[in-house]
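Some notes on the structure that comes next.
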Amino acid sequence: MSNVRPIRPGQPNRRIFLGQLAAAGCAAALAPRQSAAADAAAWTMRLSTSSIHYLHLPVEQACEQIAKLGFEAVDIWSAHQGCPHLDDVAKRLGADGLRKILDAQKLNLFAFSVYAGGYMRYAQLLGEAGGGVAVQGSAGPCPPEELTTRMKAFIEGLKPQAERAEKNNSYVAIENHGHALLNTVDSLKAFVDVNQSPRLGIALAPYHLQTLHASVEDAIAICGDQLFFFYAWQHAGGIAQLPGHGPTDFRPWLAALAKIRYRGYVNPFMHGDLEPAAMSAALAKSREYLQQCWAEVKG
């Protein structure tokens, strides 16, 4: 990019972030085990959130709201639940227009969520915008005895996406979801064991793991350097899905992210349709809560 926006002290830019995603795996694997305090000292929590929280606002205003709340980056959604943002960028603004919006708000582009449309539809746009993570779903569920075979076939089918991501300075993250191939902790392990591409990884949604009474901390450890996107999202109703609103203690999750040196952003998230003012108030509380949790984890 020829027009690089200012970066706040201590905040890596997108190029650095993407380079870390590709290169840090070896270092993480070879690093000696350290205490939780040392893990926390070596990691910095960075926060993003998703444009779908403001699905009734134009993408410019959604980014403005997110920046005003102090988030460092944004996850822009395609047409899931009718969210207009990514298609509006594709049809009206283009990559240059999106970069201008992000530059004006001093926001980084973390991800495109492409549950509607899929990565290939937006691959070139994401690359031209500077690269990032594309989040999408997996496939239908299977019996446990077929898991390894099905996962191998699924990841083999993602090869064209991985190749396209390589050409567009991007990464593809597959979300775990109920009644899907990538769902259980065992399926996360199968994905990690089978996947050999540095361009493919996991978008971890604790909401769905909690429905299985699975350990989110164990899931984070299993994902390791293949964790590309983390939803700060708990299993609850309405606004209680957000950090600081529901019953979940997020400190163990943040400690687990620190232990694996997670290189993405922590992304507070909920499904629901709140008015913009109410959503901003809820997200502000979540951001403050996560910062407090992180301060306590660091000690």
Side-chain angles (χ1 to χ4, degrees), residues 1-5 7 11-26 46 48 50-52 59 63 72-80 83-103 105 107-139 154-175 182 191 194-204 223 225-230 262-265 267:
M1 288 174 56
S2 59
N3 181 22
V4 179
R5 59 182 170 278
I7 301 298
Q11 177 185 2
N13 63 22
R14 282 175 286 178
R15 181 172 297 176
I16 293 172
F17 161 67
L18 292 167
Q20 286 174 331
L21 275 176
C26 259
R46 299 179 298 143
S48 65
S50 301
S51 73
I52 195 172
V59 65
C63 288
E72 301 169 58
V74 62
D75 160 41
I76 300 177
W77 275 60
S78 63
H80 182 80
C83 184
H85 297 146
L86 188 51
D87 286 332
D88 187 36
V89 170
K91 296 173 183 177
R92 178 174 63 90
L93 296 170
D96 289 342
L98 176 58
R99 285 199 302 265
K100 288 177 181 177
I101 292 170
L102 297 177
D103 289 344
Q105 300 299 336
L107 276 178
N108 286 327
L109 175 60
F110 178 28
F112 283 177
S113 283
V114 291
Y115 295 103
Y119 168 62
M120 298 296 259
R121 178 173 175 177
Y122 302 101
Q124 183 176 343
L125 177 64
L126 182 57
E128 290 175 349
V133 179
V135 183
Q136 62 183 40
S138 60
F154 174 68
I155 290 177
E156 179 69 21
L158 289 175
K159 278 187 176 180
Q161 297 195 37
E163 292 170 359
R164 191 77 177 272
E166 176 74 30
K167 295 176 181 178
N168 286 280
N169 193 32
S170 299
Y171 297 81
V172 178
I174 308 301
E175 186 215 13
L182 195 65
F191 183 101
V194 170
N195 177 39
Q196 298 297 312
S197 172
R199 296 286 168 174
L200 299 178
I202 292 168
L204 196 65
C223 292
D225 62 1
Q226 294 190 41
L227 181 58
F228 290 175
F229 191 106
F230 184 78
Y262 169 60
R263 291 171 298 280
Y265 293 84
N267 195 90

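The structure displayed is predicted, hence computed values, not measured ones. The basis for the numbers below is simple: all heavy atoms, side chains too, and nothing from hydrogens, waters or symmetry mates.
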Q. About how many Å separate CD of Glu175 and CG of Leu182, when rounded to the nearest 0.5 Å?
A. 8.5 Å
Q: Quick one: do Tyr119 and Phe112 satisfy side chain to side chain contact (heavy atoms under 4.5 Å, CB included)? Show the steps, please.
A: CA-CA 8 Å; Tyr119 168 62; Phe112 283 177; over 6 Å; no
Q) Can you name the nearest heavy-atom pair linking Arg121 to Asp87, along with the distance? A) NH2-OD1, 3.7 Å
Q. Between the side chain of Asn169 and the main-chain N/O of Gly130, is any donor-acceptor distance below 3.5 Å?
A. yes
Q: List the atom of Ala129, the atom of Leu109, and the distance in Å for their closest heavy-atom pair.
A: CB-CD2, 3.9 Å
Q: I would like to know whether Tyr115 and Val135 meet side chain to side chain contact (heavy atoms under 4.5 Å, CB included); could you show each step before the answer?
A: CA-CA 7 Å; Tyr115 295 103; Val135 183; 3.2 Å; yes
Q. Under a 4.5 Å cut-off applied to non-hydrogen side-chain atoms, are Asp225 and Arg263 in contact?
A. yes
**Q.** Rounded distance (nearest 0.5 Å) linking atom CD of Gln161 with atom OG of Ser197
**A.** 10.5 Å
Q) So, Ser78 side chain and Ala116 main chain: donor-acceptor pair closer than 3.5 Å or not? A) yes
Q.
Do Ser138 and Phe191 have side chains that approach each other closer than 4.5 Å (heavy atoms only, starting at C-beta)?
A. no
Q.
Could you tell me if the side chain of Met120 sits less than 4.5 Å from the side chain of Pro160, heavy atoms only?
A. yes
Q) Do Gln136 and Ile174 have side chains that get closer than 4.5 Å, going by heavy atoms? A) yes
**Q.** Test salt bridge (Lys or Arg N to Asp or Glu O under 4.0 Å) applied to Lys100 and Asp103, step by step
**A.** CA-CA 5 Å; Lys100 288 177 181 177; Asp103 289 344; over 6 Å; no
Q) Are the side chain of Arg199 and the backbone N or O of Val172 linked by a donor-acceptor pair below 3.5 Å? A) no
Q: May I ask you to decide if the ring planes of Tyr262 and Phe230 are parallel, tilted or perpendicular, using 30° and 60° as cut-offs?
A: perpendicular
Q. Within a strict 4.5 Å, meaning less than it, do heavy atoms of the Leu98 and Ile76 side chains meet?
A. yes
Q. Tyr171 pairs by ring-ring contact (aromatic ring centres under 6.0 Å, His included) with which of Phe228, Phe229, Phe110?
A. Phe228
Q. If every non-hydrogen atom of Leu204 is compared with every non-hydrogen atom of Cys223, which pair is closest and at what distance?
A. CD1-SG, 4.2 Å
Q) Taking all non-hydrogen atoms of both residues, which atom of Ser51 and which atom of Cys83 are closest, and how far apart? A) OG-SG, 4.2 Å
(Q) When you compare the side chains of Asp75 and Ser48, does any donor N or O come within less than 3.5 Å of an acceptor on the partner? (A) no
(Q) Give me the atom names and distance for the closest heavy-atom approach of Tyr122 to Gly117. (A) CE1-CA, 4.2 Å
Q) What do the steps show when you test Arg92 against Val59 for side chain to side chain contact (heavy atoms under 4.5 Å, CB included), and what is the final call? A) CA-CA 11 Å; Arg92 178 174 63 90; Val59 65; 4.2 Å; yes
Q) What heavy-atom pair brings His85 and Ile52 nearest, and what distance separates the two atoms? A) ND1-N, 4.3 Å
